[in-house]
Structures are given as structure tokens and as C-alpha cells.
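Read the structure below first, then the notes.
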Amino acid sequence: MSTETDDTLFTDVDLVWEHRKNRIFLAIIFAASLFGVVALALLLLDVASDFYVGLTEYNISLVDFFTRDGSRREELSGFRGAIVASIMLMIVTAILSFFVGVGSAIYLEEYAPDNHITRLIEANLANLAGVPSIVYGLLALAAFVNGIGMGPILLAGAIALGLLVMPIIIVSSQEALRAVPDGVRNGSYATGATEWQTIRRVVLPAAMPGIMTGTILGLARAIGETAPLIMVGALFVNRMPYGPLDRFSAMPTQIYNWAAEPSQHFIHLAAVGIVVLLAFVFAMNAAAIYVRNKYETEV
Amino acid sequence: MATDHESEPTTNDAQLITTDVQATGTGRNGEPTEPVVTARDLDVHYGAEQALNDVDIDIPEHRVTAIIGPSGCGKSTFLRCVNRMNDQIDSCRIDGELSFHGKNVYDEDVDPVALRRKIGMVFQKPNPFPKSIYDNVAYGLRVQGMAGDVDLDAAVERALRGAALWDEVNDQLDSSGLDLSGGQQQRLCIARAIAPDPEVILMDEPTSALDPVAASKIEDLIDDLADEYTVIIVTHNMQQAARISDKTAVFLTGGNLVEFDETPTIFENPADDRVEDYITGKFG
Ligand SMILES: Nc1ncnc2c1ncn2[C@@H]1O[C@H](COP(=O)(O)OP(=O)(O)O)[C@@H](O)[C@H]1O
Ligand SMILES: [Mg+2]
């Protein structure tokens, strides 16, 4: 009697096809999520094989690669000048964008009244973050390289990259500041601190890991940017820069330059350069993740 | 020197002291005391909503004054009027008078930062800074520019002892204040509030987020604090008010201060029927 009712209770509900759809959909979205991993793996494989061929068949010596500057003669060409230029570029970019970026974020989060002007600024920041990087290069070319006659120097490139990373720094700093609990701010005010003391001694230290993470990620994006540097005129320079006022070619522009050469030797020099550039990018991303994990339990 | 600059909003002591304060209470040992905090016709609105309605009160020195009442009756609002923490809330509008030693703290020449250096505050949810225990306690002394004038180590120890926390943390002053338990964090916040030696300490339901053992430690502490400070404590726990306070103010819905008297009188023989109903649990 009871088995009979159990048999008939759910038999009118046919879910076989629904469950199958469920599984199919799951398979599709899983494949989609693998797409990024596979693409990255293929990319790395391609780079690695070119790198290997460069080292073996073209006898590119890593020692020479890191100790020589670029040259029009392929067998004398190295990456040192470009590496030094990129590091210098990152330092100047960081100096230019960090203080302005964090300052803007502090103003917007801690001081700005909630009015039209503030909302206008925030909307424009979102727009700025979406501007194609070549436009920053054009701006730097028009305003600094030609406008005030700076010439195609490293500082001009740093200005273009600084403008590029500024929205990233501002937005991530705003998020970090917003994540600081209001209870902590109130605790500071109630202890007789001024606004600035509260920001400098409590809010900023608490937000600093988030700000640093955003800044490093922004710089990791800037170090691979090619278009703005080409606009600024950082091409066909082989000499190592000795200061921000020297002409320069950074890692991505040197790679771009080599890859456009007809000679296979130059093309494999570019492959080795790409490995070095990627190593920089991965190291910076790892540093960002490290900073985030190390401090995320705080607050 | 940077620290000198930071201590800039110095309190003008003279402007906070007035001459014509009448004695309105008796201290713990019987001698009359003058009110430290007084409110006259105090109205507070958040936008269109009224949170305090015509509050008049004289809070005596060196005693524990409890503020009780149902949730939403304006207890926290009143407390935030005293140290002008309401300034942080854009929609908040204050009319009437709230005086500290007879000086209306909402007068234009009063700097709220200077006011808060005389009036410490402890919040409902413990809110230590993400800094070491030592830096938490030293914070007030540092921002108030006193770090160079006093022996900081001694001041930190004194404040931690005053907050009954020294014995538990003296070997870990460099570890983060966030690593402490909830009850310890709240005592750390009390230490932070008393370290710069304010005159008044405001406490907004300081034990409501804590377990009973931690809460009773803080209750014991409050009793000691009244020897040196004027304590104003908001609580919605009537037993707590009865246990720890000398005077009790009862706020009821609409932001009205219905009755303010000696604590035993409020709990045993209240004048107002609504207070009696509230105390005996008939509403609220
Ligand atoms: N920041 C605020 N903005 C708007 N309204 C508020 C704010 N804080 C409190 N109120 C309102 O004011 C009234 C009193 O609140 P509060 O002082 O927090 O009461 P209590 O502490 O007695 O529970 C409540 O009706 C509350 O909704
Ligand atoms: Mg409250």
C-alpha cells in the first residue's frame, strides 16, 4: 500500500531533460572559465619556445643581454638600456601619480561634500579610466614634448604613464579609504584629533595596504604600455638613460622595435625581451597580492 | 616641530569657565557640586525628524549619570551633543543650549576639537585603532601635543591601570589592539579615552556588545572612574543603570526627558507614571 503511493507520488514530474540542461550549461560555463587559463598557457608556451630558440639557435647570451644596450648590429644588441629606462619610468611615474592620486582620493572620500561638483569629478574619473592609452601619449606629445618643448625625454613618458595610472590609483585608494570603518574615525575625533590628524594617523595607515596594492597593479599595467611611449617618441633610442631628462626607449618600445626588424635574430631578441618584461609584470602582481594578503586581516 | 602644529586648536580655558554656576547637587561625600554639563531647551532634528525635544538637564560633577530609555528615544543623540560628535552628521540640526562649565559649546568661538579634548567618549561597539595597544592608548596624548611634555610610558601605564587592563596586557603592549577580546578592546577604548585626562567621559551603551563577565568588569570600572571623572553613560539596561549610577535620566519616545533624579528615587519612587510604567516593564 505504502510502496504504491511512493511509486506514483513523483512519477508525473519528468525532470530528466531539465537535469541534462543543467549539466550541459555547467559544462559550457566551466569551459568558458578555463578559456583564460588556456589562453595564458598558450601565450606562455609560445613565448617560452621563442625564448628557448633565441638562446639556443641564435646564441643570445643572457649575460650580454642584460649588460649591453640596444644596437643596430644584432649581435651587439642588449636590453640593459631598456630595463633601466623602464625602472626609471616606473619610479618617476609612481612619484608623479601617487601623491596626486592618493590626494584626490582623500579629498573625494574624506572631505568632499556630496554635491554636483563632486559627482562630476567622480563621473569623469570613471571616464578617464576608460580613455585609450594612446590618447594619453598624444596629450603628452602635444602638451609637453612639443608644447613646452620638453622633447622626447623620459619625464614626458612618465607624465603620459602617470596620467594613465592616476585613475587606477584614485579609484583603488577610494575603495581602500571607504573600507576603513567609521567607528575608527569617530574614535579618533572623539579623542580630540583634527580631521587631518585622523586621516594621517589612523585612516591612511589602515588604508595603506589597499592603496599600495592598487598602485602596484596600476604600475604593472603601465610598465607594459607601448602606445603612449611611441607617441612621446621613445623609439629608436639605444642608449641607457642616466636621468629623467634623457631620451629613452623602455622595454615595450625596444621589444616593438626589434619585432619590426626583418632579421630573425632581432625577432628572437624581442622574444627574450618579452620574457623579461613578463617577469617584471608577474613580480609586480605577486608583490600586490603579497601586500594584500599580508594585511588583509587587519581592521 | 610637527607636533606643535598639530596641537593647534588649543582650548582657551578662560572661555570655558564661567562664574555664575549654581550648586545643583551633592557629591558622593555630601558637599555640593556644580553642574558640568547643562542643557537648556535643547532640540535636535535629523532633517525633518525630531530626535530631542526641549531637553533641560544639569549633570553634576564627579558622579555617574545614567541615561535610560527605549531604543530610538534620543539617548545617543544627547550624548553626541555634549562633545559635538553630531557635527559629523550632515542632516543634524541643533537648537537651544548645551553648556560645558556654563559655556555653550555651540557658540561660534568654540572649537569642537578643543571641546573633545576635555570630553572623552567610549562607543557602543569597541573601536580600537588598527595599531599597537601602546599606540592606541598614547594616541590622545600624541594628537593633543602632550607627548613631549609627559612621560608617555608612564601615562600609558596609568591609563591602562585605570581601565583595569594593565595586568592583562603589560607584556604585549606592542601587539595589535585588534588581537584583544571584545571586553579587552572596550577597556582599551576606555584607556584611550582617559589617557589625555579629560574631565567628562561619555559612554554609549559600552557593555551592550559584550558578554556578561566582560560587562561586569566594565561596570566595576565605571564606579572607580567617577572618582576622577564625570561619567555620563547611556544604557538600555535598567539593572545596569540602577547598579552603577548616582543619578538617572529617563528619556521616552519623542526625545523627551521625562524625569531626572537620584537613581534610587527613579527606581523606587518615580514621580512620573510613564517612568514607573517603563521601569516596571509596562512599555518600552
Ligand atoms: N545619523 C542619523 N541620521 C538620521 N536620523 C538619526 C540619526 N541618528 C539617529 N537618528 C534618529 O534619531 C532618533 C534618536 O536616535 P538615537 O539618539 O540613536 O536613539 P537611542 O540612542 O536612544 O536609541 C531615532 O529616531 C533615529 O532614527
Ligand atoms: Mg543609541
Side-chain angles (χ1 to χ4, degrees), chain A residues 99 102-103 105-119 122 173 175-214 290-299, chain B residues 2-3 5-11 79-80 82-85 87-90 111-131 135-146 176-179 185 188-189 192-196 198 201-204 209:
Chain A
F99 297 101
V102 175
I106 291 174
Y107 173 74
L108 289 170
E109 281 307 307
E110 307 290 327
Y111 288 99
D114 187 20
N115 61 20
H116 290 304
I117 297 170
T118 308
R119 276 195 290 273
E122 296 208 324
S173 301
E175 272 163 21
L177 291 170
R178 225 173 289 147
V180 178
D182 268 343
V184 165
R185 289 186 179 80
N186 287 334
S188 173
Y189 290 131
T191 315
T194 61
E195 252 175 329
W196 172 237
Q197 286 175 326
T198 300
I199 290 166
R200 207 200 75 196
R201 290 168 177 264
V202 179
V203 179
L204 263 187
M208 203 36 91
I211 293 174
M212 290 311 295
T213 304
Y290 174 77
V291 171
R292 186 168 58 208
N293 289 349
K294 177 146 188 261
Y295 296 99
E296 77 181 349
T297 47
E298 299 270 317
V299 191
Chain B
T3 37
H5 263 293
E6 287 181 359
S7 63
E8 216 158 0
T10 44
T11 317
L79 215 55
R80 288 198 300 263
V82 178
N83 65 346
R84 288 189 57 174
M85 284 298 280
D87 291 16
Q88 308 288 325
I89 300 168
D90 288 337
D111 182 339
V113 175
L115 176 73
R116 292 180 200 130
R117 292 179 178 193
K118 307 232 160 210
I119 301 178
M121 187 171 203
V122 177
F123 296 79
Q124 182 166 0
K125 193 166 164 281
N127 58 354
F129 303 134
K131 293 175 178 289
D135 288 344
N136 262 281
V137 180
Y139 186 79
L141 295 162
R142 286 182 173 145
V143 298
Q144 299 185 22
M146 299 194 265
S176 170
L178 297 175
D179 293 340
Q185 287 191 4
L188 178 61
C189 292
R192 180 177 74 193
I194 62 179
I201 296 177
L202 309 174
M203 298 183 155
D204 193 349

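Naming: A, B, ... by sequence-line order, numbering from 1 per chain. The basis for the numbers below is simple: all heavy atoms, side chains too, and nothing from hydrogens, waters or symmetry mates.
By the 6.0 Å contact criterion, CZ on A:F99 is open, its count of non-hydrogen atoms from other residues, nucleotides or ligands being 12 or less. When the shell of 6.0 Å around CG of B:D90 is examined, it contains 12 or fewer heavy atoms from other residues, nucleotides or ligands.
Shortest non-hydrogen contact noted between B:M121 and A:A190 is CB-CB, 3.8 Å. Of all non-hydrogen atoms in B:K131 and A:V202, the two that sit nearest each other are CE-CG2, 4.2 Å. When all heavy atoms of A:G187 and B:F123 are compared, the closest pair comes out as CA-CE1, 3.9 Å. In terms of heavy-atom proximity, A:V184 sits nearest to B:P130 at CG1-CD, 4.3 Å.
Within the structure, the salt bridge (Lys or Arg N to Asp or Glu O under 4.0 Å) test picks out the following pairs touching residues 183-198 of chain A (sequence neighbours left out): A:E110-A:R185, A:D182-A:R185.
In this structure, chain B has heavy atoms under 4.5 Å from both the backbone and the side chain of A:N186. For chain A, the nearby part of B:P128 is the backbone; its heavy atoms alone come within less than 4.5 Å.
B:Q144 contributes a side-chain N or O that, together with a main-chain N or O of A:T191, makes up a donor-acceptor pair within less than 3.5 Å.
Here OG1 of A:T198 is found 4.5 Å from OH of B:Y139. Values are rounded to the nearest 0.5 Å.
Comparing A:P205, A:P113, A:S188 by heavy-atom pairs within less than 4.5 Å of chain B, the highest count is held by A:S188. Between chain A and the residues B:N127, B:D135, B:I119, the largest count of heavy-atom pairs under 4.5 Å involves B:N127.
Looking at B:D87 and A:Y189, their side chains never come closer than 4.5 Å, going by heavy atoms from C-beta outward.
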